[in-house]
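Take a look at the structure below.
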Amino acid sequence: MPFPHASEALSRFTVLDLTRVRSGPTCVRQLADWGANVVKIDALTEDAGGEQPGGPRRGSDFQNLHRNKRAMTLNLKDERGLAVFKRLAAKADVVVENFRPDVKKKLGIDYESLAAINPRIVYGSISGFGQDGPYHKRPGFDQIAQGMGGLMSITGAPGEGPMRVGIPVADLTAGLFCAMGILTALLEREVSGKGQWVQTSLLQAQIFMLDFQAARWLMEKEVAKQAGNNHPTSIPTGVFKTSDGYINIATTGGRIWERCAQAIGAPELYAHPDYATAPARSKNRDALNAEIAKRTVTKSTETWVRELNEAGVPCGPIYAIDQMFEDAQVRHLGIAQDVPNDEGRHIRLVGQPVTLSRTPSKMVARPPEFGEQTDEVLKEFGFDAGEIASLRETRVI
């Protein structure tokens, strides 16, 4: 039975996945979820029993990163294994890796080596700090990138020291940007007929994600600082205590601030000179937040969310993750999706946050077991039964 594609959108492309841990698998997950024929290359040095970088193979993290793929084993440190990989690469469209920059050259699977046998190959690389430069040999980790990329200096409450974000944002965004670069290169290949090398790094991705905070320095020489739950420029925007929890309120201009003041029963705050203009509200933000908090604590979260939204003031609850998945809108969007599997295992994962009307993304295949489709994949790439048997006997696969 042919391997099911998660979508028809990228079903014409074949991807060889050499990635590990998070940033690389995040990139390849995008391609797999949109239907690419992804072959995950499991190194024979990995623990076939299940322990992987990032947790057990059947653990939630691994399952979430590697759905909609197939897997084969291959010993890339063996000359025969390298020859097998090059036969695969000769027919593939994309290779994705997140080795340290020097490792792929030593293995002989760098872009130049593969482009020599397949000029149409699109080769995606994710590193910690870039493929060259003074730090290129350093191992890259998300928290290091968050710190060096400036994010931890603007996250957290003022005076409490740097704070990491609660998700591996540098890993995730580097993976997403690499996937975007690969898709861009595939589009360009339709014109030129040539592949190219797509590169990004955790550090570059994290700096890009600073967005307006980075632009404030580059254009205005203003160094952003920690603002806690306050928005750095739109005041009042932040977290406010209710009678049974907390809410977020967001105002983005004078008109919404006027509606907010009316909705919380404090029109005098809008008329107060200390809060009448955006610069004044910014200067007096602590006092203004305290005045708002006096009012919000008198009603429940549910009541304020309803009343403020009805008044045209952006407001929402602050959920724990279990509460979030029970929210009516989240359930309506259907982003939590079941993954079919013959074993009857419960596998429910986060689907794609983008919908396409004709070629949607679906969960069609559970994450593969260690090297599960080795023979199947090799046959599709033209290896005969004798070759496969020989490779297995010599521990190449």
Side-chain angles (χ1 to χ4, degrees), residues 6-7 22 25-26 29-30 32-34 54-68 142 155-157 163-169 171-173 175-176 209 228-231 236-252 256 259-260 263-264 292-293 295-341 343-357 360-367:
S7 171
R22 187 173 311 282
T26 296
R29 177 175 61 190
Q30 290 302 107
D33 279 1
W34 292 108
R57 200 172 189 101
R58 288 198 176 188
S60 58
D61 194 8
F62 187 96
Q63 297 283 293
N64 196 45
L65 284 168
H66 295 288
R67 74 280 186 107
N68 293 330
D142 175 85
T155 304
M163 178 67 68
R164 70 180 293 275
V165 175
I167 59 170
V169 62
D171 276 339
L172 296 173
T173 53
L176 293 173
M209 291 300 292
N229 287 318
N230 291 321
H231 190 278
T237 294
V239 174
F240 298 91
K241 188 170 176 51
T242 66
S243 64
D244 62 352
Y246 295 88
I247 55 172
N248 275 314
I249 298 175
T251 65
T252 56
I256 294 180
R259 293 200 294 262
C260 179
I264 64 174
I292 295 171
R295 279 78 175 180
T296 59
V297 77
T298 64
K299 297 181 184 180
S300 70
T301 293
E302 182 179 3
T303 300
W304 280 124
V305 169
R306 182 183 70 254
E307 291 185 358
L308 287 168
N309 278 288
E310 287 175 352
V313 178
C315 176
I318 299 175
Y319 288 142
I321 292 173
D322 57 339
Q323 295 172 313
M324 174 270 292
F325 278 115
E326 290 302 315
D327 180 88
Q329 185 66 26
V330 175
R331 293 169 69 92
H332 170 77
L333 292 170
I335 196 167
Q337 300 172 18
D338 292 321
V339 184
N341 62 95
E343 301 91 338
R345 284 196 285 129
H346 172 71
I347 307 176
R348 191 165 175 80
L349 303 173
V350 179
Q352 284 292 318
V354 178
T355 59
L356 273 63
S357 60
S361 172
K362 297 177 290 186
M363 298 287 188
V364 297
R366 62 159 174 75

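Just so it is clear, the model here is predicted, and its values are computed rather than measured.
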Task: Contacts of Thr155 that satisfy side chain to side chain contact (heavy atoms under 4.5 Å, CB included) - sequence neighbours left out - done: Leu151, Met163, Val165
Task: Exercise: identify the closest heavy-atom pair between Asp327 and Gln329 - done: OD2-N, 2.8 Å
Task: With Arg331 via salt bridge (Lys or Arg N to Asp or Glu O under 4.0 Å) - residues at least two apart - done: Glu326
Open item on the list: If we ignore hydrogens and angles and just use 3.5 Å, is the side chain of Thr251 paired with the main-chain N or O of Ile256 as donor and acceptor?
Closed with: no
TODO: Say whether, by atom type as modelled, one donor and one acceptor occur between the side chain of Thr237 and the main chain of Ala250 under 3.5 angstrom.
DONE: no
Open item on the list: Using the side-chain hydrogen bond (donor to acceptor under 3.5 Å, both in side chains) criterion, which residues pair with Lys362? Sequence neighbours excluded.
Closed with: none
- [ ] Return the minimal non-hydrogen interatomic distance between Leu349 and Met363, and the atom names on each side.
- [x] CB-CE, 3.9 Å
Task: OG-CD1 distance between Ser60 and Ile347, expressed to the nearest 0.5 angstrom - done: 11.5 Å
Open item on the list: Any heavy-atom pair between the side chains of Ile264 and Trp304 that's under 4.5 Å?
Closed with: yes
TODO: Answer yes or no: does atom CE of Met209 have more than 12 heavy-atom neighbours from other residues, nucleotides or ligands under 6.0 Å?
DONE: no
Contacts under 3.5 angstrom, residues 309-317 side chains, donor-acceptor by atom type, not counting sequence neighbours:
from	atom 1	to	atom 2	distance (Å)
Asn309	ND2	Val305	O	2.7
Asn309	ND2	Cys315	O	2.9

Would you mind writing out the side-chain donor-acceptor pairs for residues 333-341 within the sub-3.5 Å range, not counting sequence neighbours?
from	atom 1	to	atom 2	distance (Å)
Gln337	NE2	Gly334	O	3.3
Asp338	OD1	Arg348	NH1	3.0
Asp338	OD2	Arg348	NH1	3.2
Asn341	OD1	Glu343	N	3.4
Asn341	OD1	Gly344	N	2.9
Asn341	OD1	Arg345	N	2.7
Asn341	ND2	Val339	O	3.1
Asn341	ND2	Arg345	O	2.9

Task: Atom of Ala6, atom of Asp33 and distance for their closest heavy-atom approach - done: CB-O, 3.4 Å
Task: Separation between CD1 of Ile318 and CG of Asn229, rounded to the nearest 0.5 Å - done: 7.0 Å
Task: Pairing residues for Glu307 by the side-chain hydrogen bond (donor to acceptor under 3.5 Å, both in side chains) criterion, not counting sequence neighbours - done: Lys299
- [ ] Could you pull out all residues at least two apart from Arg29 that satisfy salt bridge (Lys or Arg N to Asp or Glu O under 4.0 Å)?
- [x] none
Open item on the list: Checking Ala328 now: which residues fulfil side chain to side chain contact (heavy atoms under 4.5 Å, CB included) with it, not counting sequence neighbours?
Closed with: none
Task: Minimum heavy-atom distance Gln63-Pro367, with the two atoms named - done: O-CG, 3.2 Å
Task: Contacts of Asp142 that satisfy salt bridge (Lys or Arg N to Asp or Glu O under 4.0 Å) - sequence neighbours left out - done: none
Task: CG-CG distance between Leu65 and Leu172, expressed to the nearest 0.5 angstrom - done: 8.5 Å
Task: Set of residues satisfying side-chain hydrogen bond (donor to acceptor under 3.5 Å, both in side chains) with respect to Thr242, sequence neighbours excluded - done: Asp244, Thr301
TODO: Tell me, yes or no, whether the heavy-atom count around Gln323 atom CD, taken from other residues, nucleotides or ligands under 6.0 Å, exceeds 12.
DONE: yes
Open item on the list: For Thr252, give me all partners under side-chain hydrogen bond (donor to acceptor under 3.5 Å, both in side chains), at least two apart in sequence or on another chain.
Closed with: none
TODO: Can you sort out the partners of Ser7 under side chain to side chain contact (heavy atoms under 4.5 Å, CB included), two or more places apart, ordered by chain and number?
DONE: Ala9, Trp34, Thr359
